[in-house]
Number of protein chains: 2
Amino acid sequence: MSGRTGFRAAVEPLKISAVDRLVDEIRAFVAEQGLQVGDALPTERELGERFQASRNTVREALVILRAYGLVETRPKAGAVIAGDHAEAVRRVFAFHNGVSPDSFRDLQGFRRIVETGVGEHIILHATGADFDRLDAVNDELLAADGVEELALADYRFHEALVALGGNRTALATYRLMRPVIVDLMHVGKAARPARAETHETHGRIAAALRARDRIAFAYLLSRHLDYGLQFVTGSGPGAPRGDPGDG
Amino acid sequence: MSGRTGFRAAVEPLKISAVDRLVDEIRAFVAEQGLQVGDALPTERELGERFQASRNTVREALVILRAYGLVETRPKAGAVIAGDHAEAVRRVFAFHNGVSPDSFRDLQGFRRIVETGVGEHIILHATGADFDRLDAVNDELLAADGVEELALADYRFHEALVALGGNRTALATYRLMRPVIVDLMHVGKAARPARAETHETHGRIAAALRARDRIAFAYLLSRHLDYGLQFVTGSGPGAPRGDPGDG
DNA sequence: CGTCGTATTTGTTGGACCAGATAACCGTAG
DNA sequence: CTACGGTTATCTGGTCCAACAAATACGACG
């Protein structure tokens, strides 16, 4: 592992900073020592001595490692290997919470792709217990109070749907987008709570899956996802920061 | 914007470190000053003076900001606001490059979901010029030399396919997984180059799209994605580091 | 077994120096 | 006088050092 270590653009000449070097070395150290989740790293001074770097440099490297979710640090306890890497990715993703209005349609389109895609798997493989659980998650929506909780409950149903799909990558991706999805739902819910309505639509979607009716499922899901469009279309011009498709 | 700032788990008591405080303050500063991509931040010393923090603390905060892709720093040039947030997410994603063998099927399943999903859009909306470009990308595969280039060219065809889908989120997600996808392709190519074979299969997939034949497209794509399975199945026991589904 | 000190470790600060780049300055040629 | 090339001053990030504060793990001790 750790074949590609160069994070800097390939064009940049060999100008590896001491911090970046330390990041790689500490990573290699963790790997070759076979450190598992929960194991502790050497102290900062010790790392500095081992890799011939100042404690400040070690600290900056540890800051990066922490930002990347490899380690967690607590005073005195030191740095320990952390699990839950997805959380780090999600944090970075959530960090840029710019939900431009025009991206709503885009995101919903992606959700349609993923959810209809996993729907195929659900129709083929899900059991009755799975559907019961899906209904149970949906029912939690009725107990949700306030816009925030409502949006979260709404999201949870869809996440449960994706989870039933049995594809970890799809689920991870969906979770990755949670902040953005919830944010968008937040807008919709604020405009029109519609708790009972959402609950019923979810129920019909689940019922279509239970009936193995993929046509109805796709239709209901699409309509459900498009529903919120009325609250955002025409709300404003394009996004101010359209990312210029990177190279 | 910047409503939710708490990245730390909600359970953790209010124990904000000076560095984290600085991260938030600098972010707020960028927002309220309306700094755009390319604009420069104040110098480290100036930031330290403005926010009452040591330069070392400022540096640690800037390291985090850099890890999160908000800024880029170059010696002397200082820190400038960076675009291309997706790059930061991708970096973090690539950082944990644990490509466990058993995840191959999972990833391919996700790719199938995304690529068949965008295929629907392509069939409905793509023009002849779009298909020509897709073929052109595919032809680049013939010029690829070596396993590395081959894997990359293979990836590029699929990325071009997703790009034709017209969904930025799907494309961004696909790019996010590029390192993992290319890594897996790398394994496959090393076992069996099959350049001409891959090129022909891609060509048939593109032809199916051009003919608006969604059945053929789905079939060819599925078979293409499943193709590499023979090289990894039974190659070894489960992944050494299966992430324990985060909460 | 519980309590308390103490030593160790991280968190934070201030300062120092270096390498590199930019800007200001100056002398000279036209 | 102006334009240009070279030199110097200065500024900035990168790295390091020393020190103190705060938190806590660990062992001594009652």
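Proteins get letters first, then strands, A, B, ... in listed order; numbering begins at 1 in each.
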For this session: Please work out which of the three classes, parallel, tilted or perpendicular, describes the rings of A:F29 and A:F51, given edges at 30° and 60°.
Result: perpendicular

Exercise. Once you round it to whole Å, what is the distance between C1' of D:dG13 and CG of B:L62?
Worked result: 10 Å

Problem set entry | Side-chain donor-acceptor contact under 3.5 Å, A:R111 with A:Q108 | yes

Problem set entry | 4.5 Å side-chain heavy-atom contact, B:Q36 and B:I81 | no

Exercise. Is any side-chain N or O of A:N56 under 3.5 Å from a base N or O of D:dG14, one able to act as donor and the other as acceptor?
Worked result: no

Seminar exercise, completed: To the nearest angstrom, the CD-P distance between B:E49 and D:dT12 comes to 12 Å

Exercise. Rounding to a whole Å, what distance do you find between B:R21:CZ and C:dG11:P?
Worked result: 15 Å

Exercise. When the distance from CZ of A:F51 to C1' of D:dC16 is rounded to whole Å, what number comes out?
Worked result: 18 Å

For this session: Calculate the interatomic distance between A:R59 atom CZ and D:dG14 atom C1'; express it in whole Å.
Result: 17 Å

For this session: Report the residue (B:E44 or A:T57) whose heavy-atom-nearest nucleotide on DNA chain D is the more 5′ of the two.
Result: B:E44

Exercise. Within this structure, what is the CZ-to-P distance between B:R66 and D:dG13, rounded to whole angstrom?
Worked result: 13 Å

Exercise. Is A:E44 salt-bridged to A:R59, cutoff N-O under 4.0 Å?
Worked result: yes

Exercise. OP1, OP2 of C:dG11 versus side-chain N and O of A:T73: anything below 4.0 Å?
Worked result: yes

Exercise. Per the atom types in the model, does the base of C:dG11 pair as donor or acceptor with the side chain of A:R55 at under 3.5 Å?
Worked result: yes

Exercise. Of all the choices, C:dT12, D:dG14, D:dT15, which nucleotide is nearest to the side chain of B:A18 once you look at every atom?
Worked result: C:dT12

Exercise. A:I16 CD1 to D:dT15 P: how many Å, rounded?
Worked result: 12 Å

Exercise. How is A:R74 classified with respect to the nucleic acid when contacts are heavy atoms under 4.0 Å: base, sugar-phosphate, or nothing?
Worked result: sugar-phosphate

Problem set entry | Check: A:E49 side chain, A:R45 main-chain N or O, donor-acceptor pair, under 3.5 Å | no

Problem set entry | Base-paired stems that DNA chain D participates in, counting runs of 3 or more Watson-Crick or G-U pairs under 3.5 Å | C:1-30 with D:1-30

Exercise. How are the rings of A:F110 and B:F110 set relative to one another: parallel (under 30°), tilted (30 to 60°) or perpendicular (over 60°)?
Worked result: perpendicular

Exercise. Taking B:D106 for the side chain and A:N167 for the main chain, is one N or O donor matched with an acceptor at less than 3.5 Å?
Worked result: no

For this session: Map B:S54 and A:A79 onto DNA chain C by nearest heavy atom, then report which one ends up closer to the 5' terminus.
Result: A:A79

Exercise. Rounding to a whole Å, what distance do you find between A:R45:CZ and C:dT12:C1'?
Worked result: 12 Å

Exercise. Picking from B:V162, B:T198, B:L134, what satisfies side chain to side chain contact (heavy atoms under 4.5 Å, CB included) with B:F157?
Worked result: B:L134

Exercise. Between B:R21 and B:E25, is there a side-chain N and carboxylate O pair less than 4.0 Å apart?
Worked result: yes

Exercise. For nucleotides 3-8 of chain C, read 5' to 3', which letter fits each nucleotide if B means a protein heavy atom sits under 4.0 Å from the base, S means only the sugar-phosphate is that close, and - means neither?
Worked result: -----B

Exercise. Does some side-chain heavy atom of B:T173 sit less than 4.5 Å from a side-chain heavy atom of A:M177?
Worked result: yes

